Undergrad: 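After the structure tokens below, expect a handful of questions from me.
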Amino acid sequence: MSFSSDLKEELSKINNLNRKNEVKYEFIGYLISKNTSILKNNIRYATESEYNINRFSKLLKNLEINHKIEFDGKSFIITFKEKETREKIEEITIKGSQIIIKKIENMNEYEKRALIRGVFLGAGSMNNPDKTYHLEINLSNQENLKYLFEILSNIGVKSKKLEQEKKYSIYLKDGEDIFGFIALLGANSSVLKYEDIRVQREMRGKVNRIVNCQTANLNKTINASVEQIDAIRKLQQSNKFNKLDKNLKEIALLRLEYPDMPLAELGKLLKEPVGKSGVNYRLKKIIQIAEEI
């Protein structure tokens, strides 16, 4: 199973069905998600997740809303009457085929969490954090998108809105923000699993950066050494090597003897040791003389 599926499975098993208000707001979350629609006076919700459909069914039973479940190909479909739902859930309004959440005053923290959990279960998804950080929730319309975004902002969740070609979604791409969002949903096991994956991923990234940096430095050193040796060979072949002053000749012979040695170490082998910059200056002088041939 994917991380997203595991997360939804855990959320579907949260034991809070004795708290009526939380049940209602979680149910409203499902209603405003993209996967809920209205057809012939019936509200219809579709999902491929058995855990998800079971959770939704429990919410409906708790709210005493009659419903039926069918299986169509890969999807579970749950339907219930629009009229009965409107009578029991005053926090929504229906415009044509759209379910729209009303402005709800004085929602407490647990009710907000329940609403967010419901809409994520309804039409949310999350990439495997081992590869990329991306969590997304798809809403049924622009009004629901704006309202959910407002709720998330009010409780400190940093998210972004996407509106294009009748697609309305909220998404998070920062690893720390997604961690906080999962914790907000109440998925404790997934929080621990996510953090473990995130730490391992960041450690791998850090190691890779160090290796890449070391490799780049090594390649730079090797390329410089090859250029220096080529210049020295050129001077030897043109009989101009013996005309070099003793300091240049001494460093040239050391470079030929120790082609891979760092400049600072070469400098220590001189009769009169010099630092890295001194060695670098002499070798550059040799290259310059060779280029003039």
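Values reported hereafter were calculated over all heavy atoms of this structure, with side chains retained and with hydrogens, waters and symmetry mates removed. These numbers come from a predicted model, not from an experiment.
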Undergrad: Can you tell me which residue pairs pass the salt bridge (charged side-chain N to carboxylate O under 4.0 Å, His left out) test with a partner in residues 146-160, sequence neighbours excluded?
TA: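 For residues 146-160, and leaving out neighbouring residues, the salt bridge (charged side-chain N to carboxylate O under 4.0 Å, His left out) pairs sorted by first residue read Lys103-Glu150.
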Undergrad: Out of curiosity, does Ile38 fall in the hydrophobic cluster containing Ile77 (side-chain heavy atoms, cut-off under 4.5 Å, transitive links)?
TA: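 Each belongs to a different hydrophobic cluster.
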Undergrad: side-chain contact (heavy atoms from CB on, under 4.5 Å) with Lys166: which residues, sequence neighbours excluded?
TA: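 Lys166 satisfies side-chain contact (heavy atoms from CB on, under 4.5 Å) with no residue once adjacent residues are dropped.
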Undergrad: Shared ILVMFWY cluster between Val274 and Ile286, side chains joined below 4.5 angstrom?
TA: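 As far as the 4.5 Å side-chain criterion goes, Ile286 and Val274 are connected within one cluster.
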Undergrad: For the pair Lys88 (side chain) and Glu64 (backbone), establish whether a donor and an acceptor sit closer than 3.5 Å, ignoring hydrogens and angles.
TA: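 It does hold such a pair.
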Undergrad: Looking at OG of Ser238 and CD of Glu292, how far apart are the two atoms once the value is rounded to the nearest 0.5 Å?
TA: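 Here the interatomic distance stands at 11.5 Å.
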Undergrad: What is the minimum heavy-atom distance between Gly122 and Tyr30, and which atoms define it?
TA: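 For Gly122 versus Tyr30, the nearest heavy atoms are CA-CD2, 3.8 Å.
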Undergrad: Do Lys20 and Asn62 meet the criterion of a side-chain donor-acceptor pair at a distance under 3.5 Å?
TA: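 Asn62 and Lys20 do have a side-chain donor-acceptor pair below 3.5 Å.
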Undergrad: State the CG-CD distance between Asn42 and Glu82, to the nearest 0.5 angstrom.
TA: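 That separation rounds to 8.5 Å.
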Undergrad: The criterion is salt bridge (charged side-chain N to carboxylate O under 4.0 Å, His left out); which residues satisfy it with Glu265, sequence neighbours excluded?
TA: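 Glu265: salt bridge (charged side-chain N to carboxylate O under 4.0 Å, His left out) contacts with Lys268.
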Undergrad: Measure across Val157 and Leu184 and return the closest heavy-atom pair with its distance rounded to 0.1 Å.
TA: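 Looking at all heavy atoms of both residues, the shortest contact is CG2-CD2, 4.0 Å.
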Undergrad: Is there a path of hydrophobic side-chain contacts, each under 4.5 Å between heavy atoms of I/L/V/M/F/W/Y residues, joining Ile100 to Phe149?
TA: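 No.
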Undergrad: What do the steps show when you test Ser57 against Ile78 for side-chain contact (heavy atoms from CB on, under 4.5 Å), and what is the final call?
TA: CA-CA 8 Å; Ser57 179; Ile78 193 164; 4.1 Å; yes
Undergrad: Keeping the roles fixed (side chain from Arg55, backbone from Ile14), state whether a donor-acceptor pair exists under 3.5 Å.
TA: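 Between the backbone of Ile14 and the side chain of Arg55 there is a qualifying donor-acceptor contact (under 3.5 Å).
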Undergrad: Taking it one step at a time, do Asn280 and Lys284 satisfy side-chain contact (heavy atoms from CB on, under 4.5 Å)?
TA: CA-CA 6 Å; Asn280 187 48; Lys284 280 188 174 181; 3.6 Å; yes
Undergrad: Any side-chain heavy-atom pair from Leu17 and Lys58 closer than 4.5 angstrom?
TA: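 Yes, close enough: below the 4.5 Å cut-off.
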Undergrad: Nearest 0.5 angstrom please: Glu163 CD to Asn141 CG, how far?
TA: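 So the gap between those two atoms works out to 10.5 Å.
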Undergrad: Is there a side-chain contact between Asp230 and Ile287 in this structure, where contact means two heavy atoms from C-beta onward sitting under 4.5 Å apart?
TA: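 Side chain of Asp230 against side chain of Ile287, heavy atoms only: no contact under 4.5 Å found.
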Undergrad: Counting only N and O atoms by type, is there a donor-acceptor contact under 3.5 Å from the side chain of Asn127 to the main-chain atoms of Pro129?
TA: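 No; judged by distance alone, with no hydrogens or angles, the pair does not exist.
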Undergrad: Should Lys24 and Glu91 count as an ion pair when the cut-off is N to O under 4.0 Å?
TA: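 A salt bridge is present here (some side-chain N lies under 4.0 Å from a carboxylate O).
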Undergrad: Please lay out, stage by stage, how Lys81 and Glu87 fare under the test salt bridge (charged side-chain N to carboxylate O under 4.0 Å, His left out).
TA: CA-CA 10 Å; Lys81 295 295 181 182; Glu87 289 172 351; over 6 Å; no
Undergrad: Could you state the interatomic distance from CZ (Phe3) to CE (Met126), rounded to the nearest 0.5 Å?
TA: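 Answer for the CZ-CE pair, Phe3 versus Met126, is 4.5 Å.
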Undergrad: Between Met261 and Arg255, which heavy-atom pair has the shortest distance, and what is it?
TA: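 Result for this residue pair: O-NH1, 3.1 Å.
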Undergrad: Tell me the closest heavy-atom pair linking Ile99 and Asn144, and the distance in Å.
TA: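 Shortest heavy-atom contact: O-ND2, 2.9 Å.
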Undergrad: Cut-off 3.5 Å, side chains only: do Glu10 and Ser190 have a donor facing an acceptor?
TA: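 There is such a pair (donor and acceptor under 3.5 Å, judged by atom type) between the side chains of Glu10 and Ser190.
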Undergrad: Just by distance, with hydrogens left out, do Asn52 and Tyr45 show a side-chain donor and acceptor under 3.5 Å apart?
TA: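 A pair is found: one side chain offers a donor N or O, the other an acceptor, under 3.5 Å apart.
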Undergrad: Looking only at atom types and distance, does a side-chain atom of Asp174 sit under 3.5 Å from a main-chain N or O of Asp177, one as donor and one as acceptor?
TA: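 Yes, because the side chain of Asp174 sits within donor-acceptor range (under 3.5 Å) of the backbone of Asp177.
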Undergrad: Is there side-chain contact between Lys193 and Asp6, with at least one heavy-atom pair below 4.5 Å?
TA: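 In contact.
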Undergrad: Given Thr85 and Leu63, is the side-chain contact (heavy atoms from CB on, under 4.5 Å) satisfied, shown in steps?
TA: CA-CA 9 Å; Thr85 304; Leu63 295 166; over 6 Å; no
Undergrad: Are side-chain heavy atoms of Glu84 and Asn66 found at a separation under 4.5 Å?
TA: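 A side-chain contact exists here, since the closest heavy-atom pair is under 4.5 Å.
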Undergrad: Just wondering, are more than 12 heavy atoms of other shown residues or ligands nearer than 6.0 Å to NZ in Lys234?
TA: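 Count over threshold, so yes.
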Undergrad: Minimum heavy-atom separation for Lys249 to Leu244, with atom names?
TA: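 In terms of heavy atoms, the two residues are closest at CE-O, 3.8 Å.
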Undergrad: Where is the tightest heavy-atom contact between Ser140 and Ser33, given as atom of each residue plus distance?
TA: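 Closest pair (atom of Ser140, atom of Ser33, distance): CB-O, 3.7 Å.
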Undergrad: Heavy atoms, side chains only, cut-off 4.5 Å: are Ile232 and Leu235 in contact?
TA: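 A side-chain contact is absent here, since even the closest heavy-atom pair is not under 4.5 Å.
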Undergrad: Between Phe181 and Leu172, does a side-chain contact (heavy atoms from CB on, under 4.5 Å) hold up when you go through it step by step?
TA: CA-CA 9 Å; Phe181 185 88; Leu172 291 80; 4.1 Å; yes
Undergrad: Side-chain donor-acceptor pairs under 3.5 Å in residues 109-121, sequence neighbours left out?
TA:
unit_1	atom_1	unit_2	atom_2	d
Glu109	OE2	Arg113	NE	3.3
Glu109	OE2	Arg113	NH2	2.8
Glu111	OE1	Asn108	N	3.0
Glu111	OE2	Asn21	ND2	2.8
Arg117	NE	Glu26	OE1	3.2
Arg117	NH1	Leu185	O	3.0

Undergrad: Taking NZ in Lys243 as the centre, count heavy atoms belonging to other residues, nucleotides or ligands within less than 6.0 Å. Is the count above 12?
TA: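 No, the 6.0 Å shell around NZ holds no more than 12 heavy atoms from other groups.
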Undergrad: For residues Leu269 and Tyr281: do they belong to one hydrophobic cluster (side chain heavy atoms under 4.5 Å, members Ile, Leu, Val, Met, Phe, Trp, Tyr)?
TA: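 Result: no, two separate clusters.
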Undergrad: To the closest 0.5 Å, what do you measure between CG (Asn138) and CG (Asn35)?
TA: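 Here the interatomic distance stands at 7.5 Å.
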Undergrad: Can you hop from Leu192 to Leu11 via hydrophobic side chains spaced under 4.5 Å?
TA: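 Not linked; separate clusters.
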Undergrad: Can you run down the ring-ring contact (aromatic ring centres under 6.0 Å, His included) pairs that involve residues 63-109, sequence neighbours left out, and say none if there aren't any?
TA: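 For residues 63-109: Phe27-Phe80, Phe56-Phe80, Phe71-Phe76.
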Undergrad: With distance as the sole criterion, is a donor-acceptor pair present between the side chains of Asp196 and Gln200 under 3.5 Å?
TA: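 Result is yes, a qualifying pair exists.
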Undergrad: If you round to the nearest 0.5 Å, how far is CG of Leu31 from OH of Tyr25?
TA: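 Spacing of OH (Tyr25) from CG (Leu31) equals 13.0 Å.
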Undergrad: Tell me who clusters with Leu162, hydrophobic residues only, linked when side chains sit under 4.5 Å apart either directly or through other members.
TA: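 Members besides Leu162, by chain and number: Tyr171.
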